[in-house]
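Below is one structure, written out as structure tokens; the observations come after it.
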Amino acid sequence: MIAFIDEHRARHGVEPICRVLPIAPSTYHAHAARRADPGKLPARAQRDITLTAEIRRVYEENFRVYGIRKVWRQLLREGTAVARCTVARLMRAMGLQGVVRGKRVRTTISNAAAPCPLDRVNRQFNAPRPNALWVSDFTYVATWAGFVYVAFVIDVFARRIPRVGLRPPEDRLWLACLAHGSCRLRAGRAGASPIPAPARPGRRPRPPQ
């Protein structure tokens, strides 16, 4: 908005443009004064300018491989008191990023043409008894041998995980995880439930048998 006023102020004037745009002329003039005199900037903006130069220096001196954590720790070692979140915010604004070891893993490849699974519970994640409703998710863990995918099946009633599947990415993780969980489900229907009920508030839960 400020750039638009700068571009058209010579032709239309500041006040007529401000009457059309949702900005007061005093706000525009205050921004213009701060650009002309950095001493009029707020204290946080002035500190950001100083920290930006320091962050850039540390980043360049270390061959552009330092990330947020290492840049922050280096500034602390040099006596610059700054919060980690501030370093993260300024590095994002400058487009600086540390080198990441290994290869990036893309876990989700979206396809708008593929049919989406139905929401069979209407976002109501409640169950009256164990083994009535299960939900699942998966993630990946970095190991020396490569990335291993981990699938979780969670019983909504007990809020516990009856089954965790840990497989390399080429294996059929979901089939193995759900097959094992189904066996436990049938065992629970035949006899005692394999998933204990939640403990009462203030008491430690009993470990599963």
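These numbers come from a predicted model, not from an experiment.
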Judged by atom type as modelled, is there a donor-acceptor pair below 3.5 Å linking the side chain of [X] to the main-chain atoms of [Y]?
{"X": "H8", "Y": "F4", "answer": "yes"}
{"X": "D48", "Y": "T52", "answer": "no"}
{"X": "N62", "Y": "R64", "answer": "no"}
{"X": "D37", "Y": "G39", "answer": "yes"}
{"X": "D155", "Y": "W134", "answer": "no"}
{"X": "R73", "Y": "K70", "answer": "no"}

Does a sphere of radius 6.0 Å around [atom1] in [X] hold more than 12 heavy atoms from other residues, nucleotides or ligands, not counting ones at 6.0 Å or beyond?
{"X": "R44", "atom1": "CZ", "value": "no"}
{"X": "R89", "atom1": "CZ", "value": "yes"}
{"X": "F63", "atom1": "CZ", "value": "no"}

Using every non-hydrogen atom in the two residues, find where [X] and [Y] come nearest and quote the distance to one decimal.
{"X": "Y59", "Y": "Q97", "value": "OH-O, 3.0 Å"}
{"X": "T80", "Y": "L76", "value": "O-CD2, 3.4 Å"}
{"X": "I68", "Y": "A88", "value": "CD1-CB, 3.7 Å"}

Side-chain ion pair, E78 and R57, N-O less than 4.0 Å: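 The answer is yes: the pair qualifies as a salt bridge.
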E15/R19 ion pair, N-O < 4.0 Å: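 No, no charged N to carboxylate O under 4.0 Å.
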Contact check, side chains of Y28 and R9, non-hydrogen atoms, under 4.5 Å: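 Y28 reaches R9 side chain to side chain.
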S136 side chain reached by I154 side chain, heavy atoms, under 4.5 Å: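 Not in contact.
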V135 and F125: CA distance, side-chain angles, deciding distance, side chain to side chain contact (heavy atoms under 4.5 Å, CB included) verdict: CA-CA 9 Å; V135 295; F125 298 108; 3.9 Å; yes
Worked check of side chain to side chain contact (heavy atoms under 4.5 Å, CB included) between R47 and T86: CA-CA 10 Å; R47 178 168 171 77; T86 302; 5.9 Å; no
Just verifying a value: how many Å separate [X] [atom1] and [Y] [atom2], rounded to the nearest 0.5 Å?
{"X": "I2", "Y": "R34", "atom1": "CD1", "atom2": "CZ", "answer": "10.5 Å"}
{"X": "L96", "Y": "E60", "atom1": "CG", "atom2": "CD", "answer": "7.5 Å"}
{"X": "E61", "Y": "R56", "atom1": "CD", "atom2": "CZ", "answer": "13.0 Å"}
{"X": "H29", "Y": "C18", "atom1": "NE2", "atom2": "SG", "answer": "7.0 Å"}
{"X": "Q74", "Y": "E54", "atom1": "CD", "atom2": "CD", "answer": "10.5 Å"}

Would you kindly confirm whether [X] and [Y] end up in one hydrophobic cluster when ILVMFWY residues are joined by side chain heavy atoms under 4.5 Å apart?
{"X": "V87", "Y": "V99", "result": "yes"}
{"X": "I49", "Y": "W72", "result": "no"}
{"X": "M94", "Y": "L41", "result": "no"}
{"X": "I23", "Y": "V20", "result": "no"}
{"X": "L90", "Y": "V65", "result": "yes"}

V82 and its side-chain contact (heavy atoms from CB on, under 4.5 Å) partner, picked from L51, I55, V71: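 For V82, the side-chain contact (heavy atoms from CB on, under 4.5 Å) check succeeds only for L51.
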Trace of the salt bridge (Lys or Arg N to Asp or Glu O under 4.0 Å) decision for R35 with D6: CA-CA 12 Å; R35 284 183 299 176; D6 290 338; 2.7 Å; yes
